[in-house]
Structures are given as C-alpha cells and as structure tokens.
Amino acid sequence: MTMIGNEEKINKPADPANLTEGEKKHVPVIEAPEMVIAGRPFEVAVTVGSIPHVMEEKHFIEWVELYLHNKLVGRKELDPSGEKVATVIFEVEADEALIAIKEIETCRVRGVNICGSCGEKSVIANLRAVEKCNVHGIWEEYKKIEIMSGEEREEGKKCVWKA
Ligand SMILES: [Fe+2]
C-alpha cells in the first residue's frame with residue numbers, strides 16, 4: 001500500500017468546531033463502533049464530507065485512507081462517478097498487540113488499562129481518515145475507539161467497565 005508523501009501538506013480547518021461550508025465538503029466523517037474487540041473484524045465507514053463533495057471528472061475525491069494507531073489499514077482509489085457521495089467501507093481488525101501499548105490513552109472511566117475486578121484489558125486508540133481532493137488537497141479526521149482485549153477472561157468475574 002502507498003503512504004501519503006511528506007511533501008503533501010494536510011489542510012487544517014481554521015476552527016474545527018465551526019467548519020466552513022468548504023471545509024465540511026472535505027473533512028472526512030468517520031463512522032465506527034465506539035468499542036471493538038481485538039481480533040474481530042469491524043466496519044468503518046468514511047464519507048467525504050459532512051456536506052457531500054462532488055465526484056466529477058474535473059473535481060473529485062481521488063482516494064481515502066484509514067489508519068488505526070498510525071498504521072495504514074486500508075486505502076481505496078475512487079473514480080469520478082457523478083455520484084454525489086464518496087463513502088468507503090473498510091473492514092478493520094485491531095491487533096491484540098495494541099492492547100499492550102502503554103503510550104495509548106487508557107480507559108476513559110478508570111484511567112487504567114486493566115480492570116482490577118475482572119482482568120479485562122482495553123486501550124483507546126485513534127482511527128485516522130485521510131482523503132485527497134484533486135483540487136483542494138489532503139484533509140484528515142480522527143475518531144477515538146476503545147479496543148477491548150479478545151483474550152479469555154476469568155470466568156464468573158463481572159467486568160465493572162461494562163456494568
Ligand atoms: Fe474539493
């Protein structure tokens with residue numbers, strides 16, 4: 001798979017909380033489960049953008065890439081179809097090894113990445129979607145998802161995170 005070149009600058013919205021109409025047409029929208037299990041595939045839909053971008057010969061979204069914790073997990077080349085919505089569905093699987101990475105932000109409830117009651121492990125990792133418009137360049141968006149360990153837990157102990 002191809003990585004984006006460093007020479008290409010990523011556009012940043014002036015105010016991410018108040019996107020302009022032009023920015024809304026280019027900042028990708030990521031739809032993903034809030035919580036996934038490591039080792040089990042899940043779907044991520046990336047749409048450009050919250051206001052549909054045109055997909056015409058002279059002006060279209062060339063490609064969409066998806067990263068999970070900085071690793072490229074999918075790339076799709078798009079054609080100018082005349083259809084107004086550029087949506088790409090990626091099938092993604094989180095690696096169990098991600099759970100052990102200490103630098104990743106930990107549980108949003110307890111602030112640790114191992115539950116003391118049931119032994120459940122999780123991390124919160126970033127999904128990053130990147131897209132390129134042939135006229136307006138490269139844009140990106142992030143979404144945090146919680147990845148729960150897929151390994152067997154001790155039977156009979158209740159996970160307080162999910163209670
Ligand atoms: Fe554009």
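This chain uses plain numbering: 1 for the first residue, then up along the sequence. Read the numbers this way: they start at 1 and go in the same order the structure lists the ligands and their atoms. FYI, side chains are in, hydrogens and waters are out, and symmetry mates aren't considered; it's all heavy atoms of this structure.
- The main-chain N or O of His136 is found under 3.5 Å from a side-chain atom of Asn11 such that the two form a donor-acceptor pair.
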Atom pairs and distances, side-chain donor-acceptor, residues 39-51, under 3.5 Å, sequence neighbours left out:
residue: Thr47; atom: OG1; partner: Thr87; partner atom: OG1; Å: 3.0

For residues 92-99, which side-chain donor-acceptor pairs fall under 3.5 Å, sequence neighbours excluded?
residue: Asp95; atom: OD1; partner: Ala97; partner atom: N; Å: 3.4
residue: Glu96; atom: OE1; partner: Gly150; partner atom: N; Å: 2.9
residue: Glu96; atom: OE2; partner: Ser149; partner atom: OG; Å: 2.6

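- With a 4.5 Å cut-off between side-chain heavy atoms of Ile, Leu, Val, Met, Phe, Trp and Tyr, the cluster of Trp139 takes in Leu19, Val27.
- With waters left out, the protein N, O or S atoms under 2.8 Å from the Fe ion (ligand 1) add up to 5.
- Closest of all the heavy-atom pairs between Ile145 and Pro33 is CG2-O, 3.2 Å.
- In this structure, the side chain of Asn134 does not engage the main chain of Glu62 through any donor-acceptor pair within 3.5 Å.
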